[in-house]
Amino acid sequence: MSMDTTQAEMRRSFEQYFRQNRLPHLWCPGCGNGTALKCIAEAIEGMEGFSQDNTVIVSGIGCSSRGSGYMDFDTVHTAHGRAIPFATGIKLARPELNVIVITGDGDCTAIGGNHFLHGCRRNVDLTVILFNNNIYGMTGGQSSPTTPPGKMTATAPYGTIDRPLDACRIAEAAGATYVARSTAFHVKHLTQMIAGGLKNHGFALIEAMVQCPTAYGRKNKMGSPAAMLTWMKDSSVMKAAWDKLPPEKRTPEKFPIGLLYECAGEEYGMANAEIQRRAGGL
């Protein structure tokens, strides 16, 4: 075997984490979900103590949530918006497992918004990766809670007037102990942000900005998938640089990426175990 062949195989070692018989995937050409899913696999591969036998992937409903079906772990494809409570139940029943949630902007912040808030509030030891494509891609291109103002969707053909939710700021305010954001353009950076969430002992949210060229980009004349990735590159600002920007430079067209917030906090499963211990001593 040649050196080039060996190096190529090493670079693709993450493929062991995918169900090869389920590929090719059903996402549209140019969709950013595949990139984000690869970043999850590479983050898991680099984590000590993570294996296919002790890691569970949970997802809800939507384009992003089809991702769990492609990953070769114990996986649960749950009801719309309910991935976090399903994952919470798994973590409480089997605290030794690593539990990862794959969700979307609609699944997590609309129908699943209340579960999202309380998962953060309880600080359950989950790593939640939110694929944010700013639209309901699977069900017809409706506006989602994260659709920017003025953008056209199937339910806002003349431009949405709703103010968008910032999932990262909500997670921080609600009690998450690790909050990060990256994009499908920043592949290595996104992998690092996910790895940081996997190491965190508590509720971790990683927002992955991903392009949807079919339902979002086409309607808003954003060009090719490559052009949408270029927009991500030009619009994102690393957290250290963002913090130095004066307020007038922090325009809606720009957004920070990186580790946005991190703190220590009592993890819900540990607190629950202590309650069970007390109850057993009564």
Side-chain angles (χ1 to χ4, degrees), residues 17 19 40-41 43-62 64-65 67-69 71-104 107-130 167-180 193-207 259-282:
Y17 297 111
R19 293 172 175 146
I40 295 172
I44 293 172
E45 184 178 29
M47 290 296 300
E48 184 178 350
F50 279 64
S51 72
Q52 288 161 288
D53 295 326
N54 68 7
T55 303
V56 180
I57 312 287
V58 183
S59 65
I61 296 294
S64 60
S65 294
S68 63
M71 303 200 78
D72 193 14
F73 296 84
D74 286 326
T75 59
V76 188
H77 192 184
T78 74
H80 198 189
R82 309 301 188 244
I84 289 174
F86 272 85
T88 298
I90 293 168
K91 187 63 183 180
L92 291 179
R94 296 285 302 278
E96 75 279 8
L97 296 177
N98 306 303
V99 185
I100 299 169
V101 175
I102 298 175
T103 184
D107 185 63
C108 184
T109 66
I111 188 170
N114 207 33
H115 297 304
F116 175 44
L117 288 176
H118 295 295
C120 294
R121 177 176 69 88
R122 293 174 175 133
N123 194 33
V124 187
D125 188 18
L126 305 175
T127 302
V128 178
I129 299 109
L130 167 59
C168 290
R169 292 178 65 187
I170 290 172
E172 177 183 345
T177 50
Y178 180 96
V179 181
M193 294 299 100
I194 295 170
L198 295 175
K199 293 176 184 176
N200 180 67
H201 187 57
F203 194 99
L205 174 75
I206 300 92
E207 183 179 28
L259 176 56
L260 305 181
Y261 179 76
E262 187 175 28
C263 72
E266 184 179 35
E267 193 273 321
Y268 190 72
M270 298 293 289
N272 183 62
E274 174 60 20
I275 289 296
Q276 290 181 331
R277 187 192 67 79
R278 292 181 197 171
L282 294 178

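D53 approaches L97 most closely through the heavy-atom pair O-CD2, 4.4 Å. Looking at every heavy atom in both residues, M47 comes nearest to A195 through SD-O, 3.9 Å. For the residue pair V179 and L259, the shortest heavy atom distance occurs at O-CD1, 3.5 Å. Nearest heavy atoms, C108 versus L130: CB-CD1, 3.9 Å.
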Side-chain donor/acceptor pairs under 3.5 Å, residues 167-178, sequence neighbours excluded:
unit_1 : atom_1 : unit_2 : atom_2 : d
T177   : OG1    : N123   : OD1    : 3.1
T177   : OG1    : N200   : ND2    : 3.0
Y178   : OH     : M193   : O      : 2.9

Test side-chain contact (heavy atoms from CB on, under 4.5 Å) applied to I129 and I100, step by step: CA-CA 8 Å; I129 299 109; I100 299 169; 3.4 Å; yes
V58 and I90: CA distance, side-chain angles, deciding distance, side-chain contact (heavy atoms from CB on, under 4.5 Å) verdict: CA-CA 9 Å; V58 183; I90 293 168; 3.8 Å; yes
Full working for side-chain contact (heavy atoms from CB on, under 4.5 Å) between H115 and D107: CA-CA 10 Å; H115 297 304; D107 185 63; over 6 Å; no
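Rounding to the nearest 0.5 Å places CZ of F73 at 9.0 Å from CG of N54. Here the straight-line distance linking atom OG1 of T55 with atom CG of D74 works out to 9.5 Å at 0.5 Å rounding. Within the model, atoms NE2 of H118 and OH of Y268 stand 11.0 Å from one another, a figure rounded to the nearest 0.5 Å. Within the model, atoms CD1 of I40 and CD1 of I194 stand 5.0 Å from one another, a figure rounded to the nearest 0.5 Å. To the nearest 0.5 Å, atom CD of residue E45 and atom CD of residue Q52 are 10.0 Å apart.
Taking the side chain as every heavy atom from C-beta outward, T103 and F116 never approach each other to under 4.5 Å. By the 4.5 Å heavy-atom criterion applied to side chains, N98 and L198 are not counted as neighbours. With a 4.5 Å cut-off on side-chain heavy atoms, L92 and N272 count as touching. Using a 4.5 Å heavy-atom cutoff, the side chains of R82 and I111 are in contact.
Tested against F203, the residues T127, V101, D125, I84 include a single side chain to side chain contact (heavy atoms under 4.5 Å, CB included) partner, I84.
Other residues, nucleotides and ligands place no more than 12 heavy atoms under 6.0 Å from the CD atom of E48. For R94, the CZ atom counts as loosely surrounded, since its 6.0 Å shell holds 12 or fewer non-hydrogen atoms of other residues, nucleotides or ligands.
Residues satisfying the side chain to side chain contact (heavy atoms under 4.5 Å, CB included) test with A41, not counting sequence neighbours, are F14, Y17, F18, M71.
Remark: the S68 side chain and the S59 side chain contain an N/O donor-acceptor pair separated by less than 3.5 Å.
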